[in-house]
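Owing to the predicted nature of the structure, the values given are computational and were not obtained by experimental measurement. Every chain is numbered from 1, with letters handed out A, B, ... down the list of sequences.
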2 protein chains.
Amino acid sequence: MIDQRAGIAALAAEMAAHGTERDAPVRAVMGLLGDRWTTLILLVLGTGEWRHADLKRVLAQLSAEQAISQRVLTLKLRTLERDGMVLRTVTGDVPPRVSYRLTGLGAGLLGEAQRLIGWIQDHSGAIHAARTNFDQRA
Amino acid sequence: MIDQRAGIAALAAEMAAHGTERDAPVRAVMGLLGDRWTTLILLVLGTGEWRHADLKRVLAQLSAEQAISQRVLTLKLRTLERDGMVLRTVTGDVPPRVSYRLTGLGAGLLGEAQRLIGWIQDHSGAIHAARTNFDQRA
DNA sequence: CCGCATCCTAGGCGATACTG
DNA sequence: CAGTATCGCCTAGGATGCGG
């Protein structure tokens, strides 16, 4: 190393919670925000209660790249439900009627995501400039 | 939908920057924080300037799961450099001597990551409880 | 309408061997 | 020491079809 090894011990504690094994949700939750759909789902659910098919539709129209598949939407919602971010309510058998909404915890996570999105947007000019500069040198 | 479609228009603008194509770094940067190594790299680089091999060593010892491969470390650093988060300095030819440190932008991103980590840790009890509850019902 | 099972593909990541 | 190239695995995620 060059000058550090000073703050490394301090990092160790922070890192202990960064693992993914068990009781260590940090990496798992960061992975949620980083994946293809979850942040988008949180943003939509932030507007109210949504049924599965409507959610699928609005996600498609918002992402504009490509629609989420039904399978993945179910998977993402399941994960969010398991982590206590989303509440799933069934009010019909055949045809099923299932709706999803954020829990308090989920609303908190949405707030964090929005804060992060805000920071990135505030610095998107600098990021874009760095990329342009880097790509020109290469 | 159930009651919404109210906030959807407002979401559209937020979403426009959420894409990944070009000039839309939101998804890309969220992906950075969500991936296997980048946040850890940012945390270590937050302590000072590091050479490639030392960085690899300390990451291995901090993650405790498995070491990062040299290839992936290079890839991650390259991406961070391209996005303006990390500065790469070469001071030797053979053997090469390359060191990495955060830029101001990178320090800012690290701050955001730490804020997010803090939130997750503050709520890890609730998350863990939700998981336990969910897994028992299943 | 919602979820599940199946199949398939693209990409992230690890391992190894090689150059300057 | 740092980087590249090649390989192979494994997971995220898309497409389709079925059943309640």
Engineer: In whole Å, I'd like the distance from the CG atom of B:Leu75 to the P atom of D:dA5.
Structural biologist: 11 Å
Engineer: Would the distance check show the side chain of B:His123 and the main-chain N or O of B:Trp119 forming a donor-acceptor pair, the cut-off being under 3.5 Å?
Structural biologist: yes
Engineer: Is A:Trp50 near enough to C:dC2 that one of its side-chain N or O atoms lies under 4.0 angstrom from OP1 or OP2?
Structural biologist: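 Answer is no, no contact under 4.0 Å.
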Engineer: Return the value, rounded to whole Å, for the distance between atom CG of B:Leu73 and atom P of C:dA15.
Structural biologist: 14 Å
Engineer: Please tell me which of the listed nucleotides, C:dG14, C:dC2, D:dG14, lies nearest to the side chain of B:Trp37?
Structural biologist: C:dG14
Engineer: Could you check B:Gln66 against A:Thr74 and say which one's nearest nucleotide on DNA chain C is further toward the 5' end?
Structural biologist: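 By nearest-heavy-atom nucleotide position, the 5'-most residue is A:Thr74.
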Engineer: Looking at every strand, decide which applies to A:Lys76 at a 4.0 Å heavy-atom threshold: base, sugar-phosphate, or nothing.
Structural biologist: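 Sugar-phosphate only.
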Engineer: Side chain of A:Ser99, backbone of A:Trp50: donor and acceptor closer than 3.5 Å?
Structural biologist: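 Absent.
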Engineer: Whole angstroms only, please: what is the CZ-P distance between A:Arg88 and C:dG3?
Structural biologist: 5 Å
Engineer: Under the 3.5 Å rule, do the base of C:dG3 and the side chain of A:Gln70 count as making a donor-acceptor pair?
Structural biologist: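 Result: at least one qualifying N/O pair found.
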Engineer: To the nearest angstrom, how far is B:Arg57 atom CZ from D:dA2 atom C1'?
Structural biologist: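 The distance from CZ of B:Arg57 to C1' of D:dA2 comes to 13 Å, rounded to the nearest Å.
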Engineer: For A:Ile68, is there any backbone N or O sitting under 3.5 Å from a side-chain donor or acceptor partner on A:Trp37?
Structural biologist: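 Looks like no, no N/O pair under 3.5 Å.
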Engineer: Starting from P on D:dC1, measure out to NE2 on B:His52 and report it in whole angstrom.
Structural biologist: 10 Å
Engineer: Under a 4.0 Å threshold between the charged nitrogen and the carboxylate oxygen, would A:Arg57 count as salt-bridged to A:Asp54?
Structural biologist: yes
Engineer: How close or far is atom C1' of D:dG13 from atom CG of A:Leu77, stated in whole angstroms?
Structural biologist: 15 Å
Engineer: A:Ser69 has a side chain; which of C:dC2, D:dC1, D:dG14 sits nearest to it?
Structural biologist: D:dG14
Engineer: Find the distance A:Arg97:CZ to D:dG20:C1' and express it as a whole number of Å.
Structural biologist: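 So the two atoms are 18 Å apart, to the nearest Å.
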Engineer: Could you check how far CG of B:Asp35 sits from C1' of C:dG11, rounded to whole Å?
Structural biologist: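 About 13 Å, once rounded to whole Å.
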Engineer: Would you tell me if any nitrogen or oxygen in the side chain of B:Tyr100 comes within less than 4.0 Å of OP1 or OP2 on D:dC1?
Structural biologist: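 Indeed not, no polar side-chain atom of B:Tyr100 lies that close.
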Engineer: On DNA chain D, check which nucleotide each of A:Val72 and A:Pro96 is closest to and give me the residue with the more 5' one.
Structural biologist: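 Its nearest nucleotide lies further toward 5', so the answer is A:Val72.
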Engineer: Is it the case that D:dG14 (base atoms only) and A:Arg71 (side chain only) share a donor and an acceptor within less than 3.5 Å, ignoring hydrogens and angles?
Structural biologist: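 Answer yes: a donor N or O sits under 3.5 Å from an acceptor.
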Engineer: Do the side-chain N and O atoms of A:Asp35 and A:Thr38 include a donor-acceptor pair separated by under 3.5 angstrom?
Structural biologist: yes
